[in-house]
Protein chains: 2
Amino acid sequence: MSMDDVFKALADPVRRQLLDSLHQRNGQTLGELCEGHDMSRQAVTKHLTILEDANLVATRKDGREKLHFLNPLPIFEIADRWVRKFEHGRLRALDELKKNLEGKSDGKR
Amino acid sequence: MSMDDVFKALADPVRRQLLDSLHQRNGQTLGELCEGHDMSRQAVTKHLTILEDANLVATRKDGREKLHFLNPLPIFEIADRWVRKFEHGRLRALDELKKNLEGKSDGKR
DNA sequence: CCAATACGCAACCATTTGGTTGCTTGTCAA
DNA sequence: TTGACAAGCAACCAAATGGTTGCGTATTGG
C-alpha cells in the first residue's frame with residue numbers, strides 16, 4: 001500500500017465511482033458493484049483489485065459471494081500530508097500566484 | 001481543469017516531485033526543474049504540461065526563460081471535497097472495517 | 001444430484017502513457 | 001552580428017493500461 005498506489009487508484013473515474021458506491025452502501029458483492037457500469041464483470045474486478053492493492057477496499061468471502069468494504073483511511077492520510085504540506089499561505093495563494101505571473105523579475109530569484 | 005485532470009496529474013511521482021520542487025522554490029525555469037531528474041528536458045516538459053492542464057502550475061515567459069509557479073488551490077479543492085465526503089465516522093472507520101471483515105452476515109444486508 | 005449462480009484465471013487486443021531523438025525557434029551577450 | 005543558450009515541436013518507440021473473450025471452479029438452491 002504505497003502512497004503511489006493510492007494516488008494511482010484514485011486517478012480513475014471508474015474507481016472513484018466504485019468507492020462512491022461503497023460509500024453509499026457498504027459490503028456490496030462484485031455483482032452488485034458491476035450494476036450501472038457499462039463494462040464486463042472482469043473489467044470491474046480489475047478495478048477492484050487495484051483498489052484492494054491500494055488498501056482502499058477490503059474484502060471478505062461469504063459463501064460464493066465476495067463482499068467489498070470501503071476503507072477511507074488512506075484517503076485521509078494522503079489528504080492530511082498533502083494539504084498540510086501546501087497549507088502555508090493557503091488563503092493568499094491566489095494573490096501570490098497573480099503577482100508572480102504579472103511581476104517582472106520581482107527580485108525573489 | 002476537470003477534477004479528473006487533477007487526480008491524474010497527481011498520480012505520477014515525477015509530477016508530485018515537480019510540485020514539491022516548486023513548493024521549495026517557486027518560479028523556477030524549465031532547466032532548473034530538470035535538474036535532478038534522470039530524464040530528458042522534453043520528458044519534463046511533458047509532465048509540466050500535464051500539471052499546467054490541471055491548473056496546478058502556471059507559467060510566465062521571461063525573456064528566453066519560462067518560469068513556473070505552483071498553484072495549490074486545486075489540491076485544496078479536491079482534498080476538501082473528498083475528505084468531507086468520507087468524513088463520516090472517520091475515527092471509527094477502522095473499527096467498522098474490522099467488524100465488517102470478521103462479522104458473518106451481520107444483518108445490515 | 002445437478003443446474004444455475006458468483007466469481008477467478010489467463011490470453012489477447014487497442015489505446016494511452018512516458019520516454020526518446022532530431023531539428024527548429026527565439027533571445028541574450030560577447 | 002553571431003554563437004551559445006533556453007525552450008518548443010514533432011515523429012517515433014516500448015511498456016503499461018483498460019478493456020475484451022473464453023473457460024474453469026466452487027457454492028447453492030430446487
Side-chain angles (χ1 to χ4, degrees), chain A residues 2-22 25-54 56-69 100-101 104-105 109, chain B residues 2-22 25-54 56-69 100-101 104-105 109:
Chain A
S2 77
M3 193 172 79
D4 199 51
D5 288 335
V6 180
F7 271 112
K8 290 213 169 117
L10 291 175
D12 187 287
V14 175
R15 293 194 284 270
R16 292 199 301 275
Q17 196 177 332
L18 285 169
L19 293 181
D20 266 340
S21 181
L22 284 180
R25 190 163 59 87
N26 213 8
Q28 292 184 64
T29 69
L30 172 58
E32 289 169 334
L33 286 170
C34 285
E35 293 167 16
H37 287 278
D38 195 19
M39 64 180 72
S40 69
R41 174 177 54 85
Q42 286 80 352
V44 176
T45 299
K46 285 192 184 180
H47 284 296
L48 286 169
T49 303
I50 292 174
L51 290 171
E52 278 192 68
D53 290 345
L56 287 162
V57 163
T59 63
R60 164 165 67 92
K61 279 210 73 175
D62 184 24
R64 64 181 162 185
E65 293 181 334
K66 187 179 187 185
L67 307 183
H68 297 75
F69 299 92
N100 276 329
L101 292 181
K104 309 171 198 275
S105 313
R109 298 184 48 244
Chain B
S2 77
M3 195 173 77
D4 200 52
D5 288 335
V6 181
F7 271 112
K8 291 214 167 117
L10 291 175
D12 187 286
V14 175
R15 293 193 284 269
R16 292 199 300 276
Q17 196 177 332
L18 286 170
L19 292 181
D20 267 341
S21 181
L22 285 180
R25 190 163 58 88
N26 213 7
Q28 290 183 66
T29 68
L30 171 59
E32 289 169 332
L33 287 170
C34 284
E35 292 168 16
H37 287 277
D38 194 19
M39 65 180 72
S40 68
R41 174 177 53 86
Q42 286 79 355
V44 176
T45 299
K46 285 191 183 181
H47 284 296
L48 286 170
T49 303
I50 291 174
L51 290 171
E52 278 192 67
D53 290 345
L56 287 162
V57 163
T59 63
R60 164 165 66 94
K61 278 210 74 176
D62 184 24
R64 64 181 164 184
E65 293 181 333
K66 188 180 185 184
L67 307 182
H68 297 73
F69 300 92
N100 277 327
L101 292 181
K104 310 170 196 282
S105 315
R109 297 184 49 242

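Throughout, protein chains are lettered first and strands after them, A, B, ... in sequence-line order, and every chain is numbered starting at 1.
- B:Arg60 places no side-chain N or O within donor-acceptor distance of the main-chain N or O of B:Phe69, the cut-off being under 3.5 Å.
- By the 4.5 Å heavy-atom criterion applied to side chains, B:Asn100 and A:Leu67 are not counted as neighbours.
- In this structure the side chain of B:Val14 reaches within 4.5 angstrom of the side chain of B:Met39, judged on heavy atoms.
- Closest to the A:Arg15 side chain, of the nucleotides D:dA7, D:dG18, C:dG8, is D:dG18.
- In this model, the phosphate group of C:dG8 is approached by a side-chain N or O of A:Lys66 to a distance below 4.0 Å at OP1 or OP2.
- Judged by closest nucleotide on DNA chain D, A:Gln42 is the one of A:Arg64 and A:Gln42 placed further toward the 5' end.
- Atom CD1 of A:Ile50 and atom C1' of D:dA16 are 11 Å apart (whole Å).
- Between A:Asp12 and A:Lys61, the residue whose closest nucleotide on DNA chain D is further toward the 5' end is A:Asp12.
- With contacts defined as side-chain heavy-atom distances shorter than 4.5 Å, the pair B:Asp5/B:Leu56 does not qualify.
- Contact of A:Lys46 with D:dG19 (side chain to base): a donor-acceptor pair of N or O atoms is detected under 3.5 Å.
- Rounding to whole angstrom units, CD of residue B:Gln28 and P of D:dA7 are separated by 11 Å.
- Put simply, CD on B:Glu65 is 16 Å from C1' on C:dT25, counting in whole angstrom units.
- For A:Ser40 and D:dT20, the shortest distance from a side-chain N or O to OP1 or OP2 is below 4.0 Å.
- Judged by distance alone, with hydrogens and angles left aside, A:Arg41 brings no side-chain donor or acceptor close enough to the base of C:dA6 to form a pair under 3.5 Å.
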